[in-house]
**Student:** 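Following this message is one structure expressed as structure tokens.
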Amino acid sequence: IKNYEKFWFFIQNYVYKDLYTAIRKRLIIKDGKSKYFYTIKTNKEGFSVNEIEKEITMEDYYNIKCNPNYTEISKDRYIIPYKEYRIELDIFQGDFNGLIFAEVEFPNEKEAFEFDKIIPEWFGIEISNYITNSDMAILGKEKIFEKIRDIIH
């Protein structure tokens, strides 16, 4: 892969998740500088989800209590320009070391479905409706790798 930029290092922890809502806090480090975010995702339908994200202070970040039963997610993110899109390539570390996800965000579902016609040859199996970062945090390493094996076979 050419023309990529190492963009961020993420650490994200989940506060809450149910069938309709996921709440997380995220530390993003870029060029040695840290930023902190609080995110609420709701109304996931197919590929679409409503996302509300707010930058918060370091103090707020450390005061937000996460569910201790959830696994912390850490990953490097690379941004890869592709046609008129931007591929976010996440290379996981920690418990999920070895996993690599590529994600493309679209302005609407029509473009998401049409992307199948121009998808890069190096993309693997589509898992958008099967595994999310919040699933990883809740289910943990063994169950996620088992789920991936099931999807592959």
**Student:** List the steps and the verdict of salt bridge (charged side-chain N to carboxylate O under 4.0 Å, His left out) for K75 and E88.
**Tutor:** CA-CA 11 Å; K75 59 189 176 182; E88 296 175 352; over 6 Å; no
**Student:** Please evaluate residues I79 and I87 with respect to the criterion side-chain contact (heavy atoms from CB on, under 4.5 Å), reporting the C-alpha separation (whole Å), side-chain torsions for both, the decisive distance (0.1 Å), and the verdict.
**Tutor:** CA-CA 6 Å; I79 303 301; I87 297 169; over 6 Å; no
**Student:** From I29 CD1 over to S34 OG, what is the distance, rounded to the nearest 0.5 angstrom?
**Tutor:**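 I29 CD1 to S34 OG: 4.5 Å, rounded to 0.5 Å.
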**Student:** Rounded at 0.5 Å granularity, tell me how far NZ in K41 sits from CD1 in I52.
**Tutor:** 12.0 Å
**Student:** Stepwise, does the side-chain contact (heavy atoms from CB on, under 4.5 Å) test hold for I40 with T21?
**Tutor:** CA-CA 7 Å; I40 301 171; T21 305; 4.1 Å; yes
**Student:** Are the side chains of F123 and V104 in contact, using a 4.5 Å heavy-atom criterion?
**Tutor:** yes
**Student:** Could you tell me if the side chain of I11 sits less than 4.5 Å from the side chain of E72, heavy atoms only?
**Tutor:** yes
**Student:** Which is it for Q93 and F9 under the side-chain contact (heavy atoms from CB on, under 4.5 Å) test, yes or no, and what are the steps along the way?
**Tutor:** CA-CA 10 Å; Q93 300 176 16; F9 172 69; 3.5 Å; yes
**Student:** If two hydrophobic side chains count as joined below 4.5 Å and joins carry through other members, does F92 share a cluster with I131?
**Tutor:**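 Yes; tracing contacts between hydrophobic side chains, which count when under 4.5 Å, links both residues.
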**Student:** Please lay out, stage by stage, how E53 and R26 fare under the test side-chain contact (heavy atoms from CB on, under 4.5 Å).
**Tutor:** CA-CA 10 Å; E53 186 167 70; R26 182 186 262 178; 4.1 Å; yes
**Student:** Are Y78 and F101 connected in the hydrophobic side-chain network, where two residues link if heavy atoms are under 4.5 Å apart?
**Tutor:** no
**Student:** Is the Lys NZ or Arg CZ of K25 less than 6.0 Å from the centre of Y61's six-membered ring, within 45° of the axis?
**Tutor:** yes
**Student:** Roughly how far, to the nearest 0.5 Å, is the CG atom of L99 from the CD1 atom of I144?
**Tutor:** 8.0 Å
**Student:** Can you tell if the side chain of Y130 reaches within under 4.5 Å of the side chain of D135, non-hydrogen atoms only?
**Tutor:** no
**Student:** Flag the pair E103 and R86 as a salt bridge only when some basic side-chain nitrogen lies within less than 4.0 angstrom of an acidic carboxylate oxygen.
**Tutor:** no
**Student:** Side chains of T71 and I138: closer than 4.5 Å at any heavy-atom pair?
**Tutor:**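 T71 vs I138: side chains apart.
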**Student:** Taking the side chain as every heavy atom from C-beta outward, state whether N67 and N13 have any pair of such atoms under 4.5 Å apart.
**Tutor:**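 No, too far: nothing below the 4.5 Å cut-off.
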**Student:** Can you establish whether the number of heavy atoms outside K30 located under 6.0 Å from its atom NZ is more than 12?
**Tutor:** yes
**Student:** Can we call the ring centroids of F106 and F115 under 6.0 Å apart?
**Tutor:** yes
**Student:** Taking C-beta and beyond as the side chain, do Y14 and Q12 meet within less than 4.5 Å on heavy atoms?
**Tutor:**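 Counting from C-beta outward, Y14 and Q12 do come under 4.5 Å.
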**Student:** Once you round to the nearest 0.5 Å, how far does CH2 of W8 lie from CG of D90?
**Tutor:**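 With rounding to 0.5 Å, CH2 (W8) is 9.5 Å from CG (D90).
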**Student:** Does one hydrophobic cluster hold both F10 and F37, with members joined at side-chain heavy-atom distances below 4.5 Å?
**Tutor:**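 Same hydrophobic cluster.
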**Student:** Taking the side chain as every heavy atom from C-beta outward, state whether Y70 and P68 have any pair of such atoms under 4.5 Å apart.
**Tutor:** no
**Student:** Please round to the nearest 0.5 Å and tell me the distance separating atom CG of D60 and atom OH of Y36.
**Tutor:**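 One finds 11.5 Å between CG of D60 and OH of Y36.
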**Student:** As an exercise, state the distance from OG of S134 to CD1 of I23, rounded to the nearest 0.5 Å.
**Tutor:**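 Output value for this atom pair is 11.5 Å.
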**Student:** Is K54 positioned over the aromatic face of Y38, cation under 6.0 angstrom from the ring centre and no more than 45 degrees off axis?
**Tutor:** no
**Student:** What I want to check is whether the side chains of Y85 and E105 have a donor and an acceptor closer together than 3.5 Å.
**Tutor:** no
**Student:** With the side chain counted from C-beta on, respond yes when E59 and N63 share a heavy-atom pair under 4.5 Å apart, and no when they do not.
**Tutor:**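 Counting from C-beta outward, E59 and N63 do come under 4.5 Å.
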**Student:** Would you say I151 and L139 are hydrophobically clustered, going by side-chain heavy atoms of ILVMFWY under 4.5 Å?
**Tutor:** yes
**Student:** Any idea which heavy atoms bring F96 and K141 closest together, and the distance?
**Tutor:**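 Result for this residue pair: CE2-CA, 3.6 Å.
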**Student:** Can you give me the closest heavy-atom contact between A137 and I73, atom names plus distance?
**Tutor:**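 Of all heavy-atom pairs spanning A137 and I73, the closest is N-CD1, 3.9 Å.
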**Student:** Between D31 (side chain) and K33 (backbone), is there a donor-acceptor pair under 3.5 Å?
**Tutor:**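 No: the side chain of D31 does not pair with the backbone of K33.
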**Student:** When you group the ILVMFWY residues by side-chain heavy-atom contacts below 4.5 Å and let the links chain together, are I91 and M136 in the same group?
**Tutor:**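 Different clusters: M136 never reaches I91 through Ile, Leu, Val, Met, Phe, Trp or Tyr contacts under 4.5 Å.
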